[in-house]
Each structure stands twice: as structure tokens, then as C-alpha cells.
Chemist: 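Can you keep this structure in mind? I'll have questions shortly.
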There are 2 protein chains.
Amino acid sequence: MRPREFDHDDVLRIAFDQFWRKGVRGTSLSDIARDAGVQRGSLYNAFGSKEALFLAAYERYASEYLGSLQEVLGSGSLRARLTAYFDAAIKNFRSGSPPRGCPTTRGLMELGAAEGEGLDENARQAFADLVARITGLLKNALSDGVKRGEFSGDPAIAALHIVTVTRGLAVLERAFGDEAELRKIAKHTVDLVLGKGR
Amino acid sequence: MRPREFDHDDVLRIAFDQFWRKGVRGTSLSDIARDAGVQRGSLYNAFGSKEALFLAAYERYASEYLGSLQEVLGSGSLRARLTAYFDAAIKNFRSGSPPRGCPTTRGLMELGAAEGEGLDENARQAFADLVARITGLLKNALSDGVKRGEFSGDPAIAALHIVTVTRGLAVLERAFGDEAELRKIAKHTVDLVLGKGR
DNA sequence: AAAAGTATTTGACGCGGTGTCAAGAATGTG
DNA sequence: CACATTCTTGACACCGCGTCAAATACTTTT
């Protein structure tokens with residue numbers, strides 16, 4: 001059989017960068033094809049559809065991002081872990097120029113915009129899955145904190161609260177683009193969760 | 001001059017409903033024209049562009065929504081106000097069937113997807129403006145709370161925190177669609193802000 | 001080594017969405 | 001009654017998505 005003339009992973013990286021910068025709907029396969037030096041039809045042949053290509057590219061990103069969060073949430077005092085977590089998240093939102101925002105949050109809010117297929121549902125699950133995994137990591141860190149006496153409270157609801165604030169930060173980033181304010185809110189949240197002043 | 005054959009406000013309402021349900025990009029002017037019993041060209045004549053139509057429709061929604069929040073945040077104990085605020089927000093996200101999510105949050109995350117014009121910037125400002133006004137209402141309520149001894153802390157940062165959580169709830173709504181969980185997070189946030197347990 | 005088989009590439013097509021334009025239609029005004 | 005003004009209507013160019021058949025390049029079989 002005829003060999004492929006492009007690298008599968010290169011295309012995924014290039015595609016995700018475009019999706020990240022311009023949104024899924026805002027990115028055309030022509031854009032990706034041009035950037036990757038590939039014919040548009042070849043992308044359909046290799047991936048099947050725009051959504052399938054996005055999903056493959058997103059999975060790549062998700063596992064990488066989750067890995068980096070796992071690292072920062074895995075060692076140090078609870079306060080240090082949570083601070084590093086928010087730092088990593090904000091850094092992620094503010095990466096690129098102009099900043100690209102949070103791919104997961106942006107993807108989630110783009111759902112239901114596509115009315116046709118059930119592909120939407122696959123994407124929703126992929127996004128929800130990453131959010132759930134991040135919540136799990138936070139819960140683990142908080143549970144460790146309970147054991148060490150750094151935190152008293154329900155790790156499950158606290159993790160949910162933190163992940164909610166994180167999504168909110170991703171939204172505020174789009175609205176105001178003020179990184180200092182994002183950090184202020186993040187610090188306040190850590191203080192609140194850890195019970196500063198008690 | 002020839003009189004217009006449709007009602008300006010009717011079209012705005014119909015258009016916003018579509019934008020809300022399917023997103024700005026996911027809604028075509030043909031859809032709106034069909035629904036409103038108007039020719040597509042007439043919409044361009046009356047509003048100029050899809051973005052301008054959206055902005056006009058959004059302003060309508062924004063002032064209405066802001067008014068309802070102003071009401072619930074204006075009377076009662078601080079706890080009652082914040083609880084009612086979250087109730088109103090969640091009810092808003094979950095309105096329609098299927099639920100349509102938060103228009104502001106969805107709109108914000110759709111930005112930058114349109115790469116062409118500076119219209120994006122107008123929309124961003126409209127969204128950011130509503131978020132800022134809501135933050136102002138929250139700050140007022142919290143300041144009242146300080147006066148009455150119901151709250152001790154910085155109203156500004158607390159308001160920012162609450163508005164961030166609210167945006168986060170809008171995102172989680174898309175991810176999980178679990179209203180009970182949203183309410184749980186909202187209640188936890190109120191408890192945290194008001195210093196339950198202290 | 002030649003032929004058959006297989007997967008990829010390429011270019012053309014249909015469909016639908018955006019935005020523009022000129023021509024037609026309906027009113028107010030002199 | 002004619003005129004100007006505004007709205008409406010339908011046609012057009014352009015672009016994005018997804019599909020298809022034909023051409024191409026490599027592997028396997030004989």
C-alpha cells in the first residue's frame with residue numbers, strides 16, 4: 001500500500017494549535033491543511049472528519065496537560081500544591097500570543113453550537129472526562145492535606161469548588177485578559193479553602 | 001419611505017433565542033429569517049451584519065437579566081441574597097429544553113473563533129460589561145453585609161470570587177448537566193464566603 | 001520482474017452559510 | 001401625480017464542509 005506522506009502526530013499538533021487559537025468552528029480544514037503542507041482530502045482520509053481530527057488532537061493535549069497537573073499536585077505542602085496548580089492553569093490559559101484561553105472550557109462552551117451530529121456528544125465526554133480527572137487529582141491532594149492536618153473539610157466538595165473556580169478563571173481570562181486579577185482570585189481561593197485567618 | 005414589514009423587537013427576541021440555543025456561529029441568518037418570517041436580506045438591511053444583530057439582541061437580554069439579579073440581590077439577609085443570586089443564575093443556565101447554558105459565558109468562549117473583524121472586540125466588551133456589572137451588584141450586597149455585621153472581609157475580592165464561581169458553574173453545566181451538583185457547589189461557596197463554622 | 005492489490009493523494013462536485021448588489025415594491029411629500 | 005426614500009427580493013461571488021472517482025505510489029504475489 002501507498003505510504004502516508006505526512007506525520008500523523010505532526011498534523012495533530014498543528015491542528016490542535018489552530019483549534020486552540022481560533023476555536024473548533026473558527027478553524028477550517030483548509031487552514032490546517034495549508035499549515036501542515038497536506039491536502040485537505042488527505043485529512044479526511046486519515047481522520048474521517050473535522051470532529052474526529054479535533055478529538056484525536058484534544059486527547060493528545062489532555063493527557064499532556066493532565067500529566068503536568070499531576071506533577072505539581074503531587075508534592076509539597078497543600079498550600080504549595082494548590083498554588084502551583086493555579087499557576088499551571090493560568091499559565092496554560094495565558095500561553096501563546098495572543099493568549100489562547102483554556103481549550104477545554106472553550107470547547108465545552110462551543111458545544112450545542114453544532115446541531116447536526118452526535119459528535120458533539122463525544123467531544124462533551126472528552127471535555128467532561130478531563131475536568132473529572134482534574135477534580136480527582138485535586139481531591140487526592142486535599143485528602144493528603146487532611147491526613148497531614150493541613151486541611152479540614154470535605155475533599156470532594158472542596159475539589160469541586162476549586163475546579164469550578166478554575167473554569168471561572170478561564171472565562172474571566174477571555175473577558176478581561178488581566179493576568180494579575182486572575183492570580184489575585186486564585187490566591188484568594190486558596191486562602192478561603194485553607195481557612196486563612198482561622 | 002416604505003415601512004418595515006416586521007417588528008424590530010420581535011426579531012431581536014427570536015434571534016437571541018436561536019443564538020442562545022445554538023451559539024452565535026451555529027446560528028445562520030437563514031434560520032433566524034425563517035423563524036421570524038423575514039427575508040435574509042431584510043435582516044442585513046435592518047441590522048447590518050450578523051454580529052450587529054447579535055449585539056443588539058444580546059443587549060436586550062443583558063439588561064433584562066441584570067435587572068432580575070438586581071432584584072434578588074437587593075433585599076433580605078446577605079445569605080438569602082447570595083442564595084437567591086445563585087438560584088437565579090442556575091435557573092438561567094438551565095432554562096429551555098435542552099438547557100441552553102449561560103449566553104455570556106458561551107459567547108465569551110466563542111470569541112477569537114471569528115478571526116476576521118474587530119466585531120469580536122465589540123462582543124467581548126458587551127460580555128465583559130455584563131460580568132463587571134454583576135460583580136458590582138455583588139459587591140454592593142457584600143458591602144451592605146459588612147455594615148450589618150453579616151460579613152467581614154473585602155467585598156471587592158469576594159464579589160470577584162463569587163462571579164468567578166458563577167462562570168465556573170456555567171461551564172460545569174455544559175460538562176455534566178447535573179443541576180443538583182451545581183446547587184451543591186453554589187451552597188458550598190456561600191458557606192465559604194460567609195465563613196460557616198467560624 | 002511483471003502483474004495485481006491496496007491505501008493514499010488529488011481535484012472536482014454539491015450543499016449551505018455570509019455578505020453585497022441591483023432591481024422592484026411600497027410608502028410619504030411637493 | 002410625480003418624486004424621493006426606504007424596504008424587500010432574488011441573484012451573485014466567495015468560502016467551508018464532506019464525498020467521490022480517478023490517478024498515484026508502494027507492497028505483495030506469482
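Convention: sequence-line order gives letters A, B, ...; per-chain numbering from 1. Only heavy atoms go into these numbers, but all of them, side chains included; no hydrogens, no water, no symmetry mates. On a predicted model such as this, the values are computed, not experimentally measured, just so you know.
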Chemist: Say you draw a straight line from CD of A:Glu110 to CZ of A:Arg25; how long is it, rounded to the nearest 0.5 Å?
Modeler: 6.5 Å

Chemist: Return the value, rounded to whole Å, for the distance between atom CD of B:Glu51 and atom P of C:dG17.
Modeler: 16 Å

Chemist: Side chains of B:Ile162 and B:Phe86: does their closest heavy-atom pair fall under 4.5 Å?
Modeler: yes

Chemist: Hey, what do you get for NE2 (A:His161) to CG (A:Asp154), rounding to the nearest 0.5 Å?
Modeler: 13.0 Å

Chemist: Indicate, with a heavy-atom threshold strictly under 4.0 Å, whether B:Phe6 touches base, sugar-phosphate, or nothing.
Modeler: sugar-phosphate

Chemist: Less than 4.5 Å apart, side chain to side chain, heavy atoms only: is that true for A:Leu108 and B:Leu172?
Modeler: no

Chemist: Is there a residue in residues 7-17 of chain A whose heavy atoms reach under 4.0 Å of DNA chain C, and which residues are they?
Modeler: none

Chemist: Could you tell me the separation between the CZ atom of B:Phe47 and the P atom of C:dT20, rounded to a whole number of Å?
Modeler: 16 Å

Chemist: Rounded to the nearest 0.5 Å, how far does CG of B:Leu43 lie from NZ of B:Lys50?
Modeler: 12.0 Å

Chemist: For B:Phe19 together with B:Tyr58, are the ring centres under 6.0 Å from each other?
Modeler: no

Chemist: Once you round to the nearest 0.5 Å, how far does CG of A:Leu130 lie from CG of A:Leu66?
Modeler: 6.0 Å

Chemist: Between B:Ser28 and B:Asp31, is any side-chain donor less than 3.5 angstrom from a side-chain acceptor?
Modeler: yes

Chemist: Classify the side-chain pair A:Thr104/A:Tyr61 by whether it contains a donor and acceptor separated by less than 3.5 Å.
Modeler: no

Chemist: Look at B:Ser42 and D:dT8 and indicate whether a side-chain polar atom (N or O) is within less than 4.0 Å of OP1 or OP2.
Modeler: yes

Chemist: Figure out the CG/C1' separation between B:Leu43 and C:dT20, and round it to whole Å.
Modeler: 15 Å

Chemist: Applying salt bridge (charged side-chain N to carboxylate O under 4.0 Å, His left out) between A:Asp87 and each of A:Lys187, A:Arg81, A:Arg94, A:Arg183, report the one that passes.
Modeler: A:Arg183

Chemist: Ignoring the backbone of A:Glu5, work out which of C:dT10, C:dG19, D:dT8 is nearest its side chain.
Modeler: C:dT10

Chemist: Quick one: CZ on B:Arg100 to CZ on B:Phe16, what's the gap to the nearest 0.5 Å?
Modeler: 8.5 Å

Chemist: Grab the N/O contacts between the protein and nucleotides 4-6 of chain D below 3.5 Å, and write none if there aren't any.
Modeler:
from  : atom 1 : to     : atom 2 : distance (Å)
D:dT6 : O2     : B:Arg2 : N      : 3.4

Chemist: List the residues meeting side-chain contact (heavy atoms from CB on, under 4.5 Å) with A:Ser63, not counting sequence neighbours, and say none if there are none.
Modeler: none

Chemist: Within this structure, what is the OH-to-P distance between B:Tyr44 and C:dT20, rounded to whole angstrom?
Modeler: 8 Å

Chemist: Quick one: B:Asp31 CG to C:dT18 C1', roughly how many Å, whole number?
Modeler: 13 Å

Chemist: Can you check nucleotides 11-15 of chain C for protein contacts, nitrogen or oxygen pairs under 3.5 Å, and list what you find?
Modeler:
from   : atom 1 : to      : atom 2 : distance (Å)
C:dG11 : OP2    : A:Gln39 : NE2    : 3.4

Chemist: Not counting sequence neighbours, which residues clear side-chain contact (heavy atoms from CB on, under 4.5 Å) with A:Pro155? List them please.
Modeler: A:Lys139, A:Leu142, A:Ser143, A:Val146

Chemist: Whole angstroms only, please: what is the CZ-C1' distance between A:Phe54 and D:dC17?
Modeler: 17 Å

Chemist: Just by distance, no angles: are the side chains of B:Gln18 and B:Asp35 close enough, under 3.5 Å, to form a donor-acceptor pair?
Modeler: yes

Chemist: Figure out the NZ/P separation between B:Lys50 and C:dT20, and round it to whole Å.
Modeler: 14 Å

Chemist: Could you give the CG-to-C1' distance, from B:Leu29 to C:dT20, as a whole number of Å?
Modeler: 13 Å

Chemist: So what does B:Ser28 hit on the nucleic acid, given a heavy-atom distance under 4.0 Å: a base, only sugar-phosphate, or nothing?
Modeler: sugar-phosphate

Chemist: Please report how far the helix from C:dA1-D:dT30 to C:dG30-D:dC1 bends, comparing the axis fitted to its first five pairs with the axis fitted to its last five, to the nearest 10 degrees.
Modeler: 20°

